[in-house]
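Each residue takes its place number in the sequence, starting with 1. Everything numeric in this text was worked out from a predicted model, so none of it was measured.
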Amino acid sequence: MAAILVMVVGVLIAAAVTLVMVLNPTPTPQATFPTQDPERSESSVRQAAQLALDTYSSGSYGDFWDLWSSQGQTLIKQEDYVRLFQLCPPLVQDGQFTISSVVIEGDNATVQATGPGDQTEFGFVLEGGEWRYTPPVQQETEYRTKTVDQLAQERRAAGTCGSGPSGDPSYDPSAAPSPGPSAVPDPSVDPSSGPTSFLMQG
């Protein structure tokens with residue numbers, strides 16, 4: 001009799017457990033797919049890079065400076081950067097850039113683009129939700145240690161300047177009017193890391 005009672009109790013317990021499972025099924029874990037941060041998407045980098053390169057190639061150097069990273073803008077004042085191109089225009093003007101590849105690593109991106117001449121590498125950094133251009137290390141060093149007049153003189157001596165404003169290749173930058181002494185950025189600011197395999201004129 002005791003054995004039968006135990007069996008009945010066991011059946012009742014099993015039935016109760018089954019009923020609870022039916023009424024409260026264990027939720028099946030939903031498959032989750034990582035969503036890409038739109039700010040760090042390749043399309044957002046391409047859009048920002050194309051805007052910057054188009055602005056540079058159009059000769060809007062002041063507007064191009066506006067698209068630099070905050071640290072990059074500490075290297076040289078906007079008016080000095082524009083004056084550098086007045087003293088040393090690019091050899092090739094109005095040259096268009098075509099982006100061929102984009103590599104994103106966290107808040108940094110490397111953009112390969114083909115413009116006048118060989119393929120060139122450009123660095124960008126994500127700041128405040130926007131991708132901004134970062135000058136290469138070589139230019140950072142130049143901007144920190146030399147004035148605009150020194151840079152222009154060296155580039156003309158190296159034959160990397162185009163013709164002057166009048167189209168005269170004999171244009172002498174030393175004779176150009178100067179708005180005042182060029183400010184040398186604070187050398188205590190640490191250079192940012194970034195691509196160094198290219199040198200955009202200016």
J.: Is the shortest distance from a Lys or Arg side-chain nitrogen in E105 or R40 to a carboxylate oxygen in the other one below 4.0 Å?
T.: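 A salt bridge is absent here (no side-chain N lies under 4.0 Å from a carboxylate O).
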J.: Among Y61, Y81, W131, which residue meets the ring pair (Phe, Tyr, Trp, His ring centres under 6.0 Å) test with W68?
T.: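 Among Y61, Y81, W131, the one that satisfies the ring pair (Phe, Tyr, Trp, His ring centres under 6.0 Å) with W68 is Y81.
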J.: In the hydrophobic clustering (ILVMFWY, side-chain contacts below 4.5 Å, transitive), which residues join L67, or is it alone?
T.: L51
J.: Between V148 and L87, does a side-chain contact (heavy atoms from CB on, under 4.5 Å) hold up when you go through it step by step?
T.: CA-CA 9 Å; V148 168; L87 299 178; 3.8 Å; yes
J.: Could you tell me whether a side-chain N or O of S69 sits under 3.5 Å from a main-chain N or O of R132, the two making a donor and an acceptor?
T.: no
J.: Which heavy-atom pair separates T160 from C88 by the least distance, and what is that distance?
T.: O-SG, 4.2 Å
J.: Sequence neighbours left out, what pairs pass salt bridge (charged side-chain N to carboxylate O under 4.0 Å, His left out) with at least one residue falling in residues 44-63?
T.: E42-R46
J.: Main chain of P136, side chain of Q139: is a donor-acceptor contact present, judged purely on distance under 3.5 Å?
T.: no
J.: At what distance, to the nearest 0.5 angstrom, does CZ of F64 lie from OG of S57?
T.: 10.0 Å
J.: What's the separation between atom CD in Q50 and atom OG1 in T55, rounded to the nearest 0.5 Å?
T.: 9.5 Å
J.: Is V125 linked to I76 within one hydrophobic cluster, defined over Ile, Leu, Val, Met, Phe, Trp and Tyr using a side-chain heavy-atom separation of less than 4.5 Å?
T.: no
J.: Do you know the tightest heavy-atom contact between G106 and I104?
T.: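 Looking at all heavy atoms of both residues, the closest pair is O-CG2, 3.8 Å.
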J.: Write down the atom of L151, the atom of E142, and the distance for their closest heavy-atom approach.
T.: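 That would be CD2-CB, 3.7 Å.
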J.: For the rings on Y56 and Y133, is their centre-to-centre separation under 6.0 Å?
T.: no
J.: Show me the donor-acceptor pairs, under 3.5 Å and distance only, between side chains in residues 96-103 and residues at least two apart or in other chains.
T.:
residue: S100; atom: OG; partner: Q112; partner atom: O; Å: 3.1
residue: S100; atom: OG; partner: Q119; partner atom: NE2; Å: 2.7

J.: Can you give me the closest heavy-atom contact between Q71 and E127, atom names plus distance?
T.: N-OE2, 4.4 Å
J.: Would a hydrophobic clustering, with Ile, Leu, Val, Met, Phe, Trp and Tyr connected at side-chain separations under 4.5 Å, put V111 with W65?
T.: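 Same hydrophobic cluster.
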J.: Within a strict 4.5 Å, meaning less than it, do heavy atoms of the F122 and T110 side chains meet?
T.: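 With C-beta onward as the side chain, the pair stays apart.
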J.: How many angstroms lie between NZ in K146 and CG in L84, if you round to the nearest 0.5 Å?
T.: 11.5 Å
J.: If you look at every heavy atom in C161 and L91, which pair is closest and at what distance?
T.: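 Closest pair (atom of C161, atom of L91, distance): O-CD2, 3.2 Å.
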